[in-house]
Amino acid sequence: LRRQNGKDARMIHVLDELAVRPGVLAEVRARVRDVYEPMVAPLGMRLAQSWIAPAVELLDGPTDLLLLWECADTAAYWRAKNTAARDPAAAAFWASVEPLLAGRSRRIMVDPDDESVLR
Amino acid sequence: MIRVTSFVHLRRDASPQALDDVVAIVRRAADEIDALSLQVAPTLPPAHRGGQLMILAAFRDLDQYEAALRHSFVASALRPALDACADRVETVRYEQGAVCLQQPDLTNGVQRTLLVHVHPTADPAEVVKWERALADMARYIHTIRNSSVSRVDEVDNPSGQPWTHVWEQEFETLDGLTGAYMKHAYHWAWVDRWFDPQQPIHIVDTTLVHAMCDLDRSILSLAG
């Protein structure tokens, strides 16, 4: 399997796209860093990368905060997802950031050349 | 076609023989009452909230089902047998939804039933998208030989919130369910989004019944 950006491409990637309301980007990032990241790390879900788009926090409209998480493989993804799904703390985290967001989505992604993924 | 699926939860103090006794009586009931199909088998691991026994029934219509309920064998033998050993019998009745048949002549297979509760606040259009995505699983996951999504009409003794949907699949082997079905990306990367409370589009309650049992012959094909 080829490598992407020097990393093992045989990973399940989860992309959270958070449309953050004006003025609260730092607060959302802090909650992700202080609450969510330590919560999912023991489940095998690691924050690989984050971005903002556009590349500046907008004053009058939402700024997208993109969080790219990675899990080792399909089994690891199921474990992390099922454990978090049963954890009231995960639900509480999302409920706490909900008022700070204009919307959000979560995409589950793989390398199209990763033949370890059954599809 | 009217379907009735029951999950028998035995009492803790039920005798080891109780399971076999109920199986034998349900099999006798299949000869006594008028039904399109009446099959019974122990719930297989790794079931979740599925009890110890699954009873799968199919009736031509509501009249045939209600006649079966009134049948003397049900009153004199089947109900007493269940009352004697069961803590709870969880039952759903539903009109069979559209079926997808890849192998209508399937015999000696495995039947899997998933009971779910869709949140009443869910957008009806989203519910339809989810139902369609479930039904489409058979187009991607070829170990699903036959399948159907149905909306529940009646629930007795639900272990969670009242079930709204039944998602049934028939497999050749249990491995088709625990292997390809669980590992396929269409499942975990697409359909599962509606089940995952961390997803903004989730509509399905996390409490569900996930149960499977041996299947003598395809029951879904009766609706085909």
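Reminder, nothing fancy here: chain letters follow the sequence lines and each chain counts from 1.
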Task: Closest non-hydrogen atom pair between A:Val117 and B:Ala185, with its separation - done: CG1-CB, 3.8 Å

TODO: Report, as yes or no, whether the 6.0 Å neighbourhood of atom CZ on A:Arg119 holds more than 12 heavy atoms from other residues, nucleotides or ligands.
DONE: yes

TODO: Evaluate the ring planes of B:Trp188 and A:Tyr77, with Trp represented by its six-membered ring, and classify them as parallel (under 30°), tilted (30 to 60°) or perpendicular (over 60°).
DONE: tilted

Open item on the list: Other residues, nucleotides and ligands only: do more than 12 of their heavy atoms fall within 6.0 Å of CD on B:Glu95?
Closed with: no

- [ ] Determine yes or no for a side-chain-to-main-chain donor-acceptor pair under 3.5 angstrom, with B:Trp190 supplying the side chain and A:Ile108 the backbone.
- [x] no

Open item on the list: To the closest 0.5 Å, what do you measure between CD (B:Gln198) and CG (A:Asp16)?
Closed with: 8.0 Å

Open item on the list: What's the separation between atom NZ in B:Lys183 and atom OG1 in A:Thr74, rounded to the nearest 0.5 Å?
Closed with: 9.0 Å

TODO: Please report the closest heavy-atom contact between B:Pro200 and A:Ser105, naming both atoms and the distance.
DONE: CG-CA, 3.9 Å

Open item on the list: Less than 4.0 angstrom from a charged side-chain N to a carboxylate O is my criterion; do A:Lys81 and B:Asp196 meet it?
Closed with: no

- [ ] Could you look at A:Ala91 and say if it's the side chain, the backbone, both or neither that has a heavy atom under 4.5 Å from chain B?
- [x] neither

Open item on the list: For chain A, which candidate among B:Met182, B:His202, B:Arg193 shows the most heavy-atom pairs at distances under 4.5 Å?
Closed with: B:Met182

Open item on the list: Check this for me: B:Arg11, atom CZ, are more than 12 non-hydrogen atoms of other residues, nucleotides or ligands nearer than 6.0 Å?
Closed with: yes

TODO: Could you please spell out the steps behind the side chain to side chain contact (heavy atoms under 4.5 Å, CB included) verdict for A:Trp94 and B:Gln199?
DONE: CA-CA 10 Å; A:Trp94 289 113; B:Gln199 284 276 4; over 6 Å; no

Open item on the list: Applying salt bridge (Lys or Arg N to Asp or Glu O under 4.0 Å) as the test, list every pair that has at least one member in residues 157-173 of chain B; sequence neighbours left out.
Closed with: B:Arg3-B:Glu168

Task: Nearest-0.5 Å distance, CG of residue A:Asn82 to OG1 of residue B:Thr206 - done: 10.5 Å

Open item on the list: So, taking the atom named CD1 in B:Ile201 and the one named CZ in A:Arg104, what distance separates them when rounded to the nearest 0.5 Å?
Closed with: 10.5 Å

